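None of these values were measured; they are calculated from a predicted model. Residues: numbered from 1 along the sequence shown.
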Amino acid sequence: ITMKRILPILAALGFTALLATPANAMLPLCHPVSKGGMKQAASALSAYKAQRYTAAFQRFRALAEGGNPYAQNHLAIMYNRGFGVARNYRIASEWWEKAAQQGQITAQCNLGMMYLYGQGVPQDDVLAYAYFSLAAGRGSNDARRRMDMMEAWRISRVERAEAQELTQEWANGNFSK
């Protein structure tokens with residue numbers, strides 16, 4: 001199959017934004033999967049949904065600093081989108097990393113996106129695939145689709161094997177890169 005035939009298929013599957021996304025563009029984020037820590041963050045989420053971003057940011061930040069992975073994920077989204085705070089991809093990736101290491105599936109998938117496109121972190125297909133693999137293994141269909149996309153046109157077998165080794169280490173709680 002040639003790229004000429006694959007591109008329309010990827011576009012039909014919703015991968016258009018992934019095909020040629022500039023480094024400073026807003027990436028499509030993964031859909032929420034895990035709700036761990038959501039109860040404690042209810043008032044922050046209410047403020048977020050009401051677009052009271054300053055209040056939401058303050059509430060999510062307090063919970064995130066206390067280690068709540070759901071709040072860490074949402075705080076990262078706010079930094080990534082510039083909601084209630086200046087857009088900062090580096091800080092977004094730092095919060096997603098903290099949440100990802102606690103098993104927050106959506107954060108794992110979103111961090112994979114950051115590595116895939118080098119937003120806030122150095123571009124790294126191996127780390128992107130590893131984070132997608134971790135999230136997919138825990139139920140993220142978004143992450144699985146992104147892995148399929150990478151396998152189709154972006155990552156080599158050697159890189160995929162390296163990513164799978166990392167995923168196994170991370171699944172055992174060793175998050176060193």
What's the spacing between [X] [atom1] and [Y] [atom2] if we round to 0.5 Å?
| X | Y | atom1 | atom2 | result |
| --- | --- | --- | --- | --- |
| Cys109 | Arg144 | SG | CZ | 11.5 Å |
| Phe132 | Leu127 | CZ | CG | 11.0 Å |
| Leu134 | Gln101 | CG | CD | 10.5 Å |
| Ser46 | Arg59 | OG | CZ | 8.0 Å |
| Ile91 | Met78 | CD1 | CE | 13.5 Å |
| Tyr115 | Asn110 | OH | CG | 13.5 Å |

Self-check item: CA sep, side-chain torsions, deciding dist, call: Ile77, Tyr48, side chain to side chain contact (heavy atoms under 4.5 Å, CB included)
Solution: CA-CA 11 Å; Ile77 291 169; Tyr48 181 85; 3.6 Å; yes
Closest contact, heavy atoms only, [X] versus [Y]:
| X | Y | result |
| --- | --- | --- |
| Ala99 | Pro69 | CB-O, 3.5 Å |
| Gln108 | Gly103 | NE2-CA, 3.6 Å |
| Ala130 | Ala163 | CB-O, 3.6 Å |

So do the side chains of [X] and [Y] get within less than 4.5 Å of each other, counting heavy atoms only?
| X | Y | result |
| --- | --- | --- |
| Asn80 | Gln119 | yes |
| Leu116 | Met149 | yes |
| Gln58 | Thr54 | yes |

Quiz item: Hey, are Arg145 and Asp142 close enough for a salt bridge, meaning a charged N less than 4.0 Å from a carboxylate O?
Solution: yes
Quiz prompt | Salt-bridge contact Arg90-Glu94 (side-chain N to carboxylate O under 4.0 Å) | solution = yes
Quiz prompt | Sole candidate of Glu159, Glu162, Arg146, Met147 that passes side-chain contact (heavy atoms from CB on, under 4.5 Å) when paired with Tyr129 | solution = Met147
Quiz item: Taking it one step at a time, do Gln104 and Tyr70 satisfy side chain to side chain contact (heavy atoms under 4.5 Å, CB included)?
Solution: CA-CA 7 Å; Gln104 217 287 339; Tyr70 182 81; 4.3 Å; yes
Practice problem: Please step through side chain to side chain contact (heavy atoms under 4.5 Å, CB included) for the pair Phe83 and Phe57, ending with a clear verdict. | Solution: CA-CA 8 Å; Phe83 293 164; Phe57 177 81; over 6 Å; no
Under a plain distance cut-off of 3.5 Å, with no hydrogens placed, do [Y] and [X] share a side-chain donor-acceptor pair?
| X | Y | value |
| --- | --- | --- |
| Glu65 | Gln72 | no |
| Gln164 | Gln168 | no |
| Trp96 | Asn73 | yes |

Practice problem: Verify ring pair (Phe, Tyr, Trp, His ring centres under 6.0 Å) between Tyr79 and Tyr89, making sure each step is shown before the conclusion. | Solution: CA-CA 7 Å; Tyr79 274 109; Tyr89 296 129; over 10 Å; no
Quiz item: Does the side chain to side chain contact (heavy atoms under 4.5 Å, CB included) test come out yes or no for Ser93 and Leu111, once each step is laid out?
Solution: CA-CA 6 Å; Ser93 66; Leu111 193 54; 4.0 Å; yes
